[in-house]
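One structure below.
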Amino acid sequence: MSFPPVEKQMSVIKRGTVEIVPEEELIEKLSKSKAENRPLKIKLGVDPTRPDLHLGHSVILRKLRQFQDLGHEAILIIGGFTAMIGDPTGQNKTRPPLTAEEVRDNAETYITQAKKILDEHKTTIVDNNDWLGSMTYMDVVKLASKLTVARMIERDDFSKRYQNQEPISLHEFLYPLAQGQDSVYLRSDVELGGTDQKFNLLVGRELQKSDGQEPQVCLMMPLLVGTDGTMKMSKSYDNYIGIDEPASEVYGKCLSIPDELIYPYFELVTDVSTDELTAIQTKAVQDPRNAKHDLAFTITRMYHGKQAAIDAKNHFEQTVIQKNIPDDAPAFTFNPGSTHRLMDIIADANLSPSNGETKRMMKQGGITLDDKKINDPNFEITFQKGDELHLKVGKRKYGRLIAQ
RNA sequence: GGGGGGAUACCAAAGUGGCCAACUGGGGCAGACUGUAAAUCUGUUGUCGUAAGACUUCGCAGGUUCGAAUCCUGCUCCCCCCA
């Protein structure tokens with residue numbers, strides 16, 4: 001196979017990229033690769049701590065995919081070993097290490113989801129437990145001698161924790177070394193990571209150098225801001241859009257992002273061409289409503305297909321804009337002639353976490369039955385044969401109460 | 001090894017014998033508004049109970065007291081300083 005011209009490759013590679021360290025070396029590597037007709041080894045390490053992939057993860061996986069499409073070799077490292085250490089990056093507390101079984105289960109779901117983004121036939125998947133797990137204490141000691149304590153604690157996350165009198169376990173210092181060792185073992189040419197991974201990626205360079213290898217180039221992608229518009233997308237902040245979520249969820253969540261995020265999302269998590277991006281940039285400002293609907297549609301289509309995206313769009317317009325009860329609202333059936341208290345129905349249907357919460361919502365007008373607000377906690381319904389009542393609990397929970 | 005500080009609800013953080021289901025902020029939830037599930041404003045936020053009230057909750061286990069998040073004893077965990 002032959003590789004595209006280096007400039008062409010660089011323009012693909014640089015889309016959305018924050019920093020390439022050092023850029024010249026990447027150009028050299030690409031030229032050499034093209035001349036020798038040899039693909040570069042592109043490394044991406046992931047720790048299967050949380051198996052649910054969201055758009056934040058997709059940024060980096062998509063970058064890996066772009067390298068694949070350019071003809072390079074994608075190596076996805078499942079951090080079976082490193083997950084058991086716990087990456088301290090950006091953490092304000094020690095991560096709970098996972099057990100071997102958890103890691104295995106998570107890894108499996110991770111891979112299944114990652115294949116939605118990567119070219120599955122061209123991806124090499126490895127587990128770093130295969131080489132890290134067999135290192136001896138002495139190997140580790142030798143490795144540890146290559147980095148100083150001063151170098152470690154100058155890291156932002158560590159120094160903050162240190163200043164705040166929060167614990168830093170010694171083993172957390174070993175994490176970057178383990179990740180770096182992966183690069184040495186695989187002889188990677190490029191390693192991908194988020195901007196927060198810079199330290200870890202650079203350690204890989206140093207270890208490779210001291211091993212006599214040509215050091216890898218580090219490529220940093222921005223951290224995708226979550227739907228709240230301030231923090232990075234993360235499951236623990238609950239500001240994420242999962243790639244496995246139902247289409248209507250994806251669509252709705254995309255619409256809930258702040259307007260300023262429209263462009264970055266298009267750039268980082270969709271396939272729209274660079275030409276289109278320019279147009280989007282102006283549209284995002286002049287017509288944010290439609291630009292955002294375009295975004296929601298594009299993203300939903302990527303993971304669920306066109307038809308599902310159309311349905312999701314309709315669903316959104318029906319329920320959120322026109323405030324109708326969706327057709328697919330869960331149905332609950334009752335015997336004709338029977339009488340039930342609405343609060344009990346809501347509790348049985350699991351539409352509210354507690355009766356206290358239901359009462360609160362009733363007081364605040366958050367519960368409607370056939371468009372009538374129900375404020376009385378003792379409100380009762382006697383069902384007649386053929387009844388179908390539309391129940392809405394809060395903003396987003398629905399039920400159809402059917403007597404038959 | 002020695003000395004000091006700390007552990008409170010989802011998170012942060014007040015409270016140091018009854019007025020504490022616990023100030024406040026964030027988050028969550030709801031309402032109004034909106035192109036939007038955004039922003040903003042308002043309300044609300046342990047469980048059960050229509051309510052009155054009952055029950056569980058302030059690191060863990062005991063104890064003192066009419067009454068404890070608050071006092072005592074033991075334990076566990078964390079942080080800092082000195083060595």
Side-chain angles (χ1 to χ4, degrees), chain A residues 55 91-94 96 153 158-170 172 225-242 245-265 283-297 299-300 312-326 339-348 350-368 371-381 391-398:
Chain A
L55 293 183
Q91 296 294 307
N92 49 19
K93 51 179 71 149
T94 307
I153 56 176
F158 282 149
S159 62
K160 266 194 198 129
R161 278 160 65 181
Y162 194 71
Q163 272 164 21
N164 293 338
Q165 312 202 338
E166 280 152 6
I168 303 168
S169 295
L170 209 48
E172 294 181 70
V225 176
T227 53
D228 62 334
T230 43
M231 292 186 290
K232 71 163 185 175
M233 184 174 284
S234 158
K235 208 178 174 193
S236 33
Y237 302 144
D238 198 25
N239 61 355
Y240 68 97
I241 302 175
E245 288 191 81
S248 57
E249 283 293 305
V250 173
Y251 196 93
K253 282 188 177 184
C254 286
L255 281 180
S256 78
I257 64 171
D259 292 355
E260 309 80 69
L261 254 38
I262 297 174
Y263 178 76
Y265 270 45
K283 188 172 181 182
V285 178
Q286 287 167 357
D287 185 11
R289 196 203 93 91
N290 286 318
K292 206 183 281 186
H293 274 275
D294 291 349
L295 175 71
F297 189 84
I299 293 174
T300 311
K313 184 179 168 68
N314 291 336
H315 182 267
F316 186 86
E317 279 165 0
Q318 285 292 309
T319 57
V320 179
I321 298 177
Q322 297 182 30
K323 300 194 193 303
N324 292 332
I325 303 282
T339 299
H340 300 267
R341 219 161 51 121
L342 183 59
M343 195 157 74
D344 297 330
I345 294 175
I346 291 170
D348 291 342
N350 256 326
L351 294 174
S352 159
S354 71
N355 286 351
E357 180 79 1
T358 306
K359 268 179 277 182
R360 204 203 90 240
M361 280 198 270
M362 283 186 170
K363 254 184 239 157
Q364 303 189 330
I367 293 186
T368 59
D371 290 330
K372 284 195 302 288
K373 291 191 177 180
I374 306 296
N375 296 304
D376 174 15
N378 273 329
F379 185 85
E380 290 184 336
I381 307 169
L391 173 66
K392 186 177 182 208
V393 180
K395 270 191 233 235
R396 305 186 54 187
K397 294 194 173 159
Y398 305 92

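All figures in this text were calculated on a predicted structure; none of them were measured in a lab. Convention: sequence-line order gives letters A, B, ...; per-chain numbering from 1.
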Please classify the nucleic acid contact of Thr368(A) as base, sugar-phosphate, or nothing, using heavy-atom distances under 4.0 Å.
nothing
query: Is there side-chain contact between Met233(A) and Asn239(A), with heavy atoms separated by less than 4.5 Å?
result: yes
Should the heavy atoms of other residues, nucleotides or ligands under 6.0 Å from CG of Asn378(A) be counted, would the total exceed 12? yes
For this session: Give a yes/no on whether any side-chain N or O of Arg289(A) is located under 4.0 angstrom from OP1 or OP2 of A38(B).
Result: no
| message | Between C10(B) and U44(B), how many Å separate the two C1' atoms, rounded to a whole number? | response | 16 Å
Taking G46(B) as the reference, what is the distance to A39(B) when you measure between their P atoms (whole Å, please)? 23 Å
* Distance, C1' atom - from A32(B) to U24(B), rounded to whole angstrom -> 25 Å
Whichever of Ser256(A) and Met361(A) has the more 5' nearest nucleotide on RNA chain B, that residue is Met361(A)
Given the P atoms of U57(B) and A51(B), what is the spacing between them in whole Å? 23 Å
On the nucleotide C48(B), are OP1 or OP2 found under 4.0 Å from the side-chain N or O atoms that Ser354(A) carries? yes
Taking the same atom, C1', in U16(B) and in G67(B), what whole-Å distance lies between them? 16 Å
* To do: Decide yes or no on side chain to side chain contact (heavy atoms under 4.5 Å, CB included) for Ile367(A) and Leu391(A), but give the supporting numbers first.
  => CA-CA 7 Å; Ile367(A) 293 186; Leu391(A) 173 66; 4.2 Å; yes
task = Please tell me if the side chains of Glu317(A) and Asn314(A) come closer than 4.5 Å, counting only heavy atoms from C-beta onward.
result = yes
message: Between A14(B) and G6(B), how many Å separate the two C1' atoms, rounded to a whole number?
response: 15 Å
Of A38(B), U50(B), G35(B), the nucleotide closest to the side chain of Pro258(A) is A38(B)
Residues passing the salt bridge (Lys or Arg N to Asp or Glu O under 4.0 Å) test with Arg341(A), sequence neighbours excluded, are Asp344(A)
(request) Between U70(B) and G15(B), how far apart are the P atoms? Round to whole Å, please. (result) 15 Å
inquiry  = Please determine whether side chain to side chain contact (heavy atoms under 4.5 Å, CB included) holds for the pair Tyr251(A) and His293(A), giving the CA-CA distance in whole Å, both sets of side-chain angles, and the decisive distance to 0.1 Å.
reply    = CA-CA 8 Å; Tyr251(A) 196 93; His293(A) 274 275; 2.8 Å; yes
message = Categorize Asp228(A) for me: base, sugar-phosphate, or nothing, with a 4.0 angstrom heavy-atom threshold over every strand shown.
response = nothing
Taking the P atom of each, how far is C82(B) from G74(B), in whole Å? 29 Å
Correct closest heavy-atom pair for Lys359(A) and Pro377(A) would be CG-CB, 4.0 Å
Side-chain contact check for Lys292(A): nearest option of A30(B), G35(B), C48(B) is G35(B)
Query raised in the report: Counting any heavy atom closer than 4.0 Å, what does Lys395(A) reach on the DNA or RNA strands: base, sugar-phosphate only, or nothing?
Result: sugar-phosphate
Once base and sugar-phosphate atoms are separated, protein heavy atoms under 4.0 Å mark nucleotides 22-28 of chain B, 5' to 3', with B, S and - as -------
Heavy-atom nearest nucleotide on RNA chain B taken for Asp376(A) and for Ser248(A); more 5' hit belongs to Ser248(A)
_So, does Lys373(A) get its side chain near the phosphate of A32(B), meaning an N or O under 4.0 Å from OP1 or OP2?_
yes
Identify each atom pair where a protein N or O and an N or O of nucleotides 51-55 of chain B are less than 3.5 Å apart, giving names and distance.
{"residue": "A51(B)", "atom": "OP2", "partner": "Lys359(A)", "partner atom": "NZ", "Å": "3.3"}

Q: Using a 4.0 Å heavy-atom cut-off across all strands, classify Gly252(A) as base, sugar-phosphate, or nothing.
A: base
Here the pair of heavy atoms bringing Lys292(A) nearest to Ile257(A) is NZ-O, 2.5 Å
Met362(A)/Leu342(A) under side chain to side chain contact (heavy atoms under 4.5 Å, CB included): CA gap, chis, key distance, verdict:
CA-CA 11 Å; Met362(A) 283 186 170; Leu342(A) 183 59; 4.0 Å; yes
Start with the C-alpha gap between Lys283(A) and Asp294(A), add the side-chain angles, then the distance that decides, and say whether side chain to side chain contact (heavy atoms under 4.5 Å, CB included) holds.
-> CA-CA 10 Å; Lys283(A) 188 172 181 182; Asp294(A) 291 349; 2.7 Å; yes
By the Watson-Crick or G-U definition, both distances under 3.5 Å, C71(B) is matched with G63(B)
